[in-house]
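In what follows, a single structure is set out as structure tokens and then discussed.
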Protein chains: 2
Amino acid sequence: MTPVAKRKMERRKTFNDYIAKKQLKSTKQRDTIFNEFFNNYMGKHVTVEELYEGIKQNHPSIGFATVYRTLKLFKESGIASERNFGDGKARYEPIRSETEHHHHMICTECGQIMEFANMQIESCLLQVAKLNEFDVLNHKLEIYGKCSNCSD
Amino acid sequence: MTPVAKRKMERRKTFNDYIAKKQLKSTKQRDTIFNEFFNNYMGKHVTVEELYEGIKQNHPSIGFATVYRTLKLFKESGIASERNFGDGKARYEPIRSETEHHHHMICTECGQIMEFANMQIESCLLQVAKLNEFDVLNHKLEIYGKCSNCSD
DNA sequence: TTTATTATTGATATTAAATATCAAAATCGT
DNA sequence: ACGATTTTGATATTTAATATCAATAATAAA
Ligand SMILES: [Mn+2]
Ligand SMILES: [Mn+2]
Ligand SMILES: [Zn+2]
Ligand SMILES: [Zn+2]
């Protein structure tokens, strides 16, 4: 089994476990949204509206509210992250592995989003928090500017 | 003259210059809001609503829209920063010096906001950007978690 | 100082994203 | 299959941000 396929199963299990733990129900809609999101938006940062429009193509009966609620569920269960890049719309992205962690550079010109990770920044940050006796739950680092295409 | 008083004059000049350059007008309301904001909210992160409520005490005729627009003007002229800490409300803070730059740790329990600066993080960040040929305009780093009071 | 021009103000309306409501439908343990 | 519980999709509500506009104020010109 490829690592991608393995991760796919893990994610499914995590979600199913969450559903079970919270005494929620498995539904066709949740399945559909799960598949659409994790098959078509890997490495993307999609808004609720965008995902809804995408799903509507093949599943016209699924409502916006259900997509909205299901993405929230993905977030709560730890298989997706919510992001906010300052345009007033929440974005969601699949979490690629249990341990991965990254930040973003957002081109203010063309909207392109680039990802990066940096161990040194992460450890500096934890050190700062420790120094201030601050118990870190999560953090975000965003760089805004122009990508190489747009800064010519 | 104390450094604080000096900075006060600089800020006033920066704002006046901006007003002049953009062919805007000096008004009593802008003066009032300027004084309230820079006298009472140094080191704070105030929402438009909060500042408006504060000003209303002594200046009941000043409207919300004017406070809103004036804070935007402060931002545009470079004497205030707009911040967004994930509660859906924009916050504004006076810029304390031409060169200062800092980030935030936000307690998700009590809402306390702590500031910090870290040169190492800043240089790592610029290095990452350079590597990706990304032209940095600005960036933000926020740490969410529990402050020492709240994590007992 | 009066007048003309242009910008500002404050009240109110609009927008847009997030979230709440609710009756009908679906799920699931028995 | 039944009954309890949750979900769904349509729609309504909320809220912060922003737009509109007639009355007013600030500045420039005469
Ligand atoms: Mn990402
Ligand atoms: Mn600050
Ligand atoms: Zn770009
Ligand atoms: Zn706290």
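Throughout, protein chains are lettered first and strands after them, A, B, ... in sequence-line order, and every chain is numbered starting at 1. All values derive from a computational prediction rather than experimental measurement.
With sequence neighbours excluded, no residue forms a ring pair (Phe, Tyr, Trp, His ring centres under 6.0 Å) with H59(A). Residues that satisfy the ring pair (Phe, Tyr, Trp, His ring centres under 6.0 Å) test with F15(B), not counting sequence neighbours, are F34(B), F74(B). Checked against side-chain contact (heavy atoms from CB on, under 4.5 Å), E82(B) has the following partners two or more places apart in sequence or in another chain: K75(B), N84(B), A90(B), Y92(B). Legend: residues meeting side-chain contact (heavy atoms from CB on, under 4.5 Å) with K89(A), ordered by chain and number and at least two apart, are T47(A), D87(A). For E100(A), the side-chain contact (heavy atoms from CB on, under 4.5 Å) criterion is met by I95(A), R96(A), S97(A), H102(A), not counting sequence neighbours. When the ring pair (Phe, Tyr, Trp, His ring centres under 6.0 Å) test is applied to Y52(B), the partners found at least two apart in sequence or on another chain are F64(B). For the side-chain contact (heavy atoms from CB on, under 4.5 Å) test, residues two or more places apart in sequence or in another chain that qualify with K22(B) are Y18(B), L24(B). Residues forming a salt bridge (Lys or Arg N to Asp or Glu O under 4.0 Å) with E93(B) (at least two apart in sequence, or on another chain): R83(B).
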When you compare the protein's N or O atoms with those of nucleotides 11-16 of chain C, which come within less than 3.5 Å of each other, and at what distance?
none

Expected rows: protein N/O vs nucleotides 22-26 of chain D N/O, under 3.5 Å:
{"unit_1": "dA26(D)", "atom_1": "O3'", "unit_2": "S26(B)", "atom_2": "O", "d": "3.4"}
{"unit_1": "dA26(D)", "atom_1": "N3", "unit_2": "K25(B)", "atom_2": "NZ", "d": "3.3"}

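Atom-to-atom, CG of L73(A) to P of dA18(C) comes out at 17 Å; the value is rounded to the nearest Å. Taking atom CD on E53(A) and atom P on dA17(C), their separation rounds to 12 Å, with Å as the unit. For R83(A) and dA18(C), the CZ to P distance is 16 Å, given to the nearest whole Å. Taking atom OH of residue Y68(B) and atom P of nucleotide dT20(D), one finds them 12 Å apart after rounding to whole Å. Taking atom CD1 of residue I55(B) and atom P of nucleotide dG10(C), one finds them 11 Å apart after rounding to whole Å. Atom-to-atom, CG of D31(A) to P of dT27(C) comes out at 10 Å; the value is rounded to the nearest Å. Distance, E76(B) CD to dT18(D) C1': 13 Å, rounded to whole Å. Straight-line distance from the CD atom of Q23(A) to the P atom of dT7(D): 10 Å, rounded to whole Å.
Across all strands shown, K22(A) has no heavy atoms under 4.0 Å from either base or sugar-phosphate atoms.
Direction of the helix axis in the helix from dT1(C)-dA30(D) to dT30(C)-dA1(D) shifts by 30° between the two five-pair termini, rounded to 10°.
Between D87(B) and I19(A), the residue anchored nearer the 5' end of DNA chain D, judged by the nucleotide with its closest heavy atom, is I19(A). For the pair A90(B) and L24(B), both in contact range of DNA chain D, the more 5′-proximal nearest nucleotide belongs to A90(B).
Under the side chain to side chain contact (heavy atoms under 4.5 Å, CB included) test applied with E36(B), the options N40(B), N39(B), I33(B) reduce to a single match, N40(B).
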Less than 3.5 Å apart, which donor and acceptor atoms pair up between the side chains of residues 128-140 of chain B and the rest of the protein, not counting sequence neighbours?
{"unit_1": "H139(B)", "atom_1": "NE2", "unit_2": "H101(B)", "atom_2": "NE2", "d": "3.0"}
{"unit_1": "H139(B)", "atom_1": "NE2", "unit_2": "H103(B)", "atom_2": "NE2", "d": "3.3"}
{"unit_1": "H139(B)", "atom_1": "NE2", "unit_2": "E122(B)", "atom_2": "OE1", "d": "2.9"}

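Within a 6.0 Å radius of CD in E53(A), more than 12 heavy atoms belonging to other residues, nucleotides or ligands are found.
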